[in-house]
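Read the structure below first, then the notes.
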There are 2 protein chains.
Amino acid sequence: MDLRDRLVRVGGELVDSEGIGALSLREIARRAGVSHGAPRRYFPTHLELLSAVAREGFTELAARAEAALADGPGGPRARLSVLARIYLDFAVERRGRYELMFRHDILNSGYLGLRDTSLPLFHLLTDLVAQALPSHTPAPSPEVVAAALWANLHGIAELWNWGSLTLATGAADPGSFLEAALTAHLGPTPGGDA
Amino acid sequence: MDLRDRLVRVGGELVDSEGIGALSLREIARRAGVSHGAPRRYFPTHLELLSAVAREGFTELAARAEAALADGPGGPRARLSVLARIYLDFAVERRGRYELMFRHDILNSGYLGLRDTSLPLFHLLTDLVAQALPSHTPAPSPEVVAAALWANLHGIAELWNWGSLTLATGAADPGSFLEAALTAHLGPTPGGDA
DNA sequence: GCCCAGCCGTAGACACTGTCTACGGCCGAC
DNA sequence: GTCGGCCGTAGACAGTGTCTACGGCTGGGC
């Protein structure tokens, strides 16, 4: 296997298990069994390696979303609920990776490449929102609603991971916040609660 | 002036102007005009110094909120709008500081002290939400709505600072997202738009 | 007035980090 | 068979956070 891919994979396992603080260049190189100078042949800088690890996270998140949305047709609102759940589950399960994926202070250099990987996900969200939006009232554009919903999801994910939501409300599961966010931004579910 | 206070102040100026990456222990010591070992007398660890800088941020945010809410009485919904705006403005103006304040991977050691400083702000939010919540429907508890609103605000702040909201929607000001979040979580404004 | 103790900051060492550079070894092309 | 180029090694360098030994200054007890 290519050393380049191996480095990204090792970095991914490392950030998934040990968190963002363990992602030093030399540690990745050690775990990949090469010297500390080897990664430089493929990633001119430490941050570019981290960007590649983050990008891998985006592709996996997109794959999860695609897989979950593939089998059941369902209405757009139900699909949005699934998508939001996928997003939140990813953020909680792969906490370190999720943090890395949104650490823009780290990833600015590789940001252009990252954007290409994360934009399709946002477009998927926008499309679903456009289908799910009620047709009454002068609703704002789907992009705006999708962005607002995304901001809400991201905030829930971060606060949940910090324990702030549990601390403030005693909630044992972020699902209620998720559904509240969907209802808040899209209106009440047309077909009932389920 | 106490060296302890000077270090916190210098660190605060540094994170406000240069961002979180510039906040090394030795750089703070240099700018304070002392040797790199001096801070250790007051902060056993680099992270505890950073926690103190973050705490100063929370107290200033609380002071801003208090000042803004003091002069005008206004309805609870209007006061919530002011509070949300204060929060968002702080996050945008003091971007580095805001990032630091919510970098829980850094601040875990001083987290207990931080919680004491940030909890009153959340209680203020909860109180206002309790007053602003419409009395129809089996509304969820004010804590839950306040937490959901906070999560939304935080998400807006982060995505806005990253430029993601501008990129996705072309918006030139985060205010529309802010008002949308208020409406989404509290229901439409009873007294109109203003 | 002197002396001594304790606080405060200095300075150097240590392990670790990311980056840069000079080097060798191996493999394929000619 | 020889030569060139890719790949990884290894060491140097500046920077970091932490730890420790040291000096200097100040204030209190006699």
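Within every chain, numbering begins at 1; the chains are lettered A, B, ... in the order of the sequence lines, protein sequences first and strands thereafter.
Checking D:dT16, D:dG8, C:dG9 against every side-chain atom of B:Arg30, the shortest atom distance belongs to D:dT16. Listed candidates were C:dT10, D:dT9, C:dT19. Nearest to the side chain of A:Val34 is D:dT9. Nearest nucleotide to the side chain of A:Ser35, out of D:dG8, C:dG18, C:dA13: D:dG8.
Put simply, CG on B:Leu25 is 14 Å from C1' on C:dT10, counting in whole angstrom units. In this entry the distance linking CG of A:Leu49 with P of C:dT17 reads 14 Å, nearest Å. Rounded to whole angstrom, the span from the CD1 atom of A:Ile106 across to the P atom of C:dG18 amounts to 11 Å. Atoms CG (A:Leu3) and C1' (D:dC7) sit 9 Å apart, rounded to a whole Å. Computed from coordinates, the B:Ile28 CD1 to C:dG9 P distance equals 16 Å when rounded to whole Å. What separates CZ of B:Arg4 from P of C:dC7 is a distance of 16 Å, to the nearest Å. At whole-Å resolution of the value, CG in A:Leu50 and P in C:dG18 are 9 Å apart. When the P atom of C:dT17 is taken as reference, atom CD1 of A:Ile20 falls 16 Å away, rounded to whole Å.
Annotation: of the two residues near DNA chain C, A:His36 and A:Arg41, the 5′-most nearest-nucleotide partner is A:His36. The nearest heavy atom of DNA chain C to B:Asp2 and to A:Gly37 marks one nucleotide each, and the one closer to the 5' end goes with B:Asp2.
A salt bridge is defined here as a Lys NZ or Arg NE, NH1 or NH2 lying under 4.0 Å from an Asp or Glu carboxylate O, and B:Glu13 with B:Arg31 fails to meet this definition. Salt-bridge check for B:Asp173 with B:Arg85: passed, with a basic side-chain N closer than 4.0 Å to an acidic carboxylate O.
For the OP1/OP2 pair of C:dT19 and a distance below 4.0 Å, the side-chain nitrogens and oxygens of A:Thr45 include at least one atom meeting the criterion.
Judged by distance alone, with hydrogens and angles left aside, B:Arg26 brings a side-chain donor or acceptor within reach of the base of D:dG17, the pair sitting under 3.5 Å.
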Without placing hydrogens or testing angles, list every side-chain donor-acceptor pair under 3.5 Å for residues 142-154 of chain A, not counting sequence neighbours.
{"residue": "A:Glu143", "atom": "OE1", "partner": "A:Ser141", "partner atom": "OG", "Å": "3.4"}
{"residue": "A:Trp150", "atom": "NE1", "partner": "A:Tyr87", "partner atom": "OH", "Å": "3.1"}
{"residue": "A:Asn152", "atom": "ND2", "partner": "A:His185", "partner atom": "NE2", "Å": "2.9"}
{"residue": "A:Asn152", "atom": "ND2", "partner": "B:His185", "partner atom": "NE2", "Å": "3.2"}
{"residue": "A:His154", "atom": "ND1", "partner": "A:Tyr98", "partner atom": "OH", "Å": "2.7"}
{"residue": "A:His154", "atom": "NE2", "partner": "B:Glu158", "partner atom": "OE1", "Å": "2.8"}

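Atom CD1 of A:Ile86 sits about 9.0 Å away from atom CD of A:Glu93, to the nearest 0.5 Å.
Contact annotation: the side chain of B:Phe177 never approaches that of B:Leu88 to less than 4.5 Å [non-hydrogen atoms, C-beta and beyond].
Counting any heavy atom pair closer than 4.0 Å across all strands shown, A:Phe43 reaches no nucleic acid atom.
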